[in-house]
Amino acid sequence: MGSLCRSTDQRAEGLPVTAHRALPVVRLRVPTHEDAIAWHRVFDDPDVMEFHGGASAELSVYEELTARQRKHDAEHGFCFWTMLDEDDEVLGFTGAQPWPHATWGPVGEIEIGWRLGRRHWGRGYATAAALVTLERVRAAGVPSVVAMVDARNERSVGVTRRIGMELEERYELPDGRKGMRFRSRF
């Protein structure tokens with residue numbers, strides 16, 4: 001199932017509107033097995049992985065992740081979807097999933113997240129896709145979502161603000177890095 005989002009759609013849905021420019025069109029789809037290869041390729045960049053462990057992940061990590069996301073979509077009606085542009089080029093992913101860690105963080109919460117290939121940064125794709133994600137999780141009956149962001153990741157902090165999330169807490173990650181938890185309630 002695909003979904004298109006344009007800046008004018010945001011007003012109709014009562015969602016925040018990014019000032020200063022129109023958002024690009026994005027389409028989201030449940031990740032396919034082939035998307036594991038695309039994610040591996042798009043994220044094979046130290047800049048992309050700076051706040052996700054620093055190094056590129058093996059293909060098997062993305063194979064497991066895309067399989068888990070297909071399961072989440074079947075069970076919950078949402079997941080980390082593959083993000084595509086108007087030409088069906090894979091840009092990265094965005095979406096929501098149950099918080100994956102059992103020993104730290106917002107256990108039992110739904111987490112919203114995004115990751116884009118480096119050449120797609122700064123164009124509004126993450127904001128446009130995150131707005132679609134908020135719309136979909138709200139429609140699925142989720143009362144709120146959290147975004148767990150490395151405090152140094154100014155780009156992701158900016159996305160949370162553009163989509164109307166509020167800073168809820170600053171915390172320290174198990175590895176000593178500083179993090180920020182943002183929340184959106186519906």
Side-chain angles (χ1 to χ4, degrees), residues 3 5-24 26 28 43 45-54 65 68-69 72 76-81 83 91-118 120-186:
S3 179
C5 176
R6 295 185 193 273
S7 59
T8 55
D9 296 336
Q10 296 162 20
R11 292 182 211 279
E13 294 299 323
L15 295 170
V17 177
T18 303
H20 302 82
R21 67 178 164 156
L23 293 174
V26 296
L28 305 178
F43 302 146
D45 182 311
D47 288 340
V48 172
M49 299 306 292
E50 178 181 3
F51 303 109
H52 306 285
L65 181 58
R68 188 176 55 209
Q69 297 311 311
H72 288 323
H76 305 288
F78 54 84
C79 64
F80 282 166
W81 295 288
M83 185 188 324
L91 307 173
F93 66 69
T94 191
Q97 68 175 359
W99 178 250
H101 307 286
T103 59
W104 69 276
V107 176
E109 299 266 10
I110 301 300
E111 170 198 28
I112 184 174
W114 44 84
R115 188 181 309 167
L116 291 176
R118 174 67 181 99
H120 308 294
W121 291 0
R123 298 183 187 177
Y125 288 118
T127 299
L131 287 167
V132 173
T133 297
L134 289 176
E135 183 181 316
R136 287 185 179 186
V137 295
R138 181 176 57 195
V142 175
S144 70
V145 294
V146 296
M148 305 294 282
V149 179
D150 185 304
R152 300 168 299 156
N153 189 341
E154 294 175 14
R155 292 178 303 277
S156 281
V157 169
V159 171
T160 64
R161 292 191 172 127
R162 286 189 293 277
I163 66 173
M165 297 186 85
E166 296 181 10
L167 178 61
E168 184 173 77
E169 175 187 19
R170 294 178 186 270
Y171 60 91
E172 188 169 310
L173 293 158
D175 65 5
R177 291 177 294 140
K178 305 295 182 202
M180 301 167 75
R181 178 170 56 203
F182 294 85
R183 183 174 299 277
S184 184
R185 297 183 195 283
F186 307 118

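Every heavy atom of this structure was used, including side-chain atoms; hydrogens, water molecules and symmetry mates were not.
Under the side chain to side chain contact (heavy atoms under 4.5 Å, CB included) test applied with F182, the options V146, I112, V145, T160 reduce to a single match, T160. Here the options are R161, R155, R162, the test is side chain to side chain contact (heavy atoms under 4.5 Å, CB included), and the partner is V159; only R162 passes. When each of Y125, W81, F43 is paired with F93, the ring-ring contact (aromatic ring centres under 6.0 Å, His included) condition holds for F43 and for no other.
Considering all non-hydrogen atoms of both residues, V157 and D150 come closest at CG2-O, 4.5 Å. Scanning all heavy atoms of the two residues, the minimum distance from V137 to F78 falls at CG1-CG, 3.8 Å. Of all heavy-atom pairs between H76 and P98, the closest is NE2-CG, 3.6 Å.
Side-chain contact check for V132 versus T94: every heavy-atom pair is 4.5 Å or farther apart. At least one side-chain heavy atom of M148 sits under 4.5 Å from a side-chain heavy atom of P106. Side-chain atoms of P100 and E111, non-hydrogen and from C-beta on, do get closer than 4.5 Å to each other. Side-chain contact check for E109 versus S144: some heavy-atom pair is nearer than 4.5 Å.
Between atom OG of residue S184 and atom CD1 of residue I163 there is a gap of 6.5 Å, rounded to the nearest 0.5 Å. The CG atom of L167 sits 10.0 Å away from the CZ atom of R181 when rounded to the nearest 0.5 Å. Rounding to the nearest 0.5 Å places CD of Q69 at 5.5 Å from SG of C79. Between atom OH of residue Y171 and atom NZ of residue K178 there is a gap of 11.5 Å, rounded to the nearest 0.5 Å.
Salt bridge annotation for R177-E172: absent, with no cationic side-chain nitrogen under 4.0 angstrom from a carboxylate oxygen.
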Would you mind writing out the side-chain donor-acceptor pairs for residues 45-53 within the sub-3.5 Å range, not counting sequence neighbours?
unit_1	atom_1	unit_2	atom_2	d
D45	OD1	D47	N	2.6

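In this structure a side-chain-to-backbone donor-acceptor pair under 3.5 Å is missing from Q97 to F80. Checked by atom type and distance alone, the side chain of W114 never pairs as donor or acceptor with a backbone atom of S156 at under 3.5 Å.
In the displayed structure, E169 atom CD is contacted under 6.0 Å by more than 12 heavy atoms of other residues, nucleotides or ligands.
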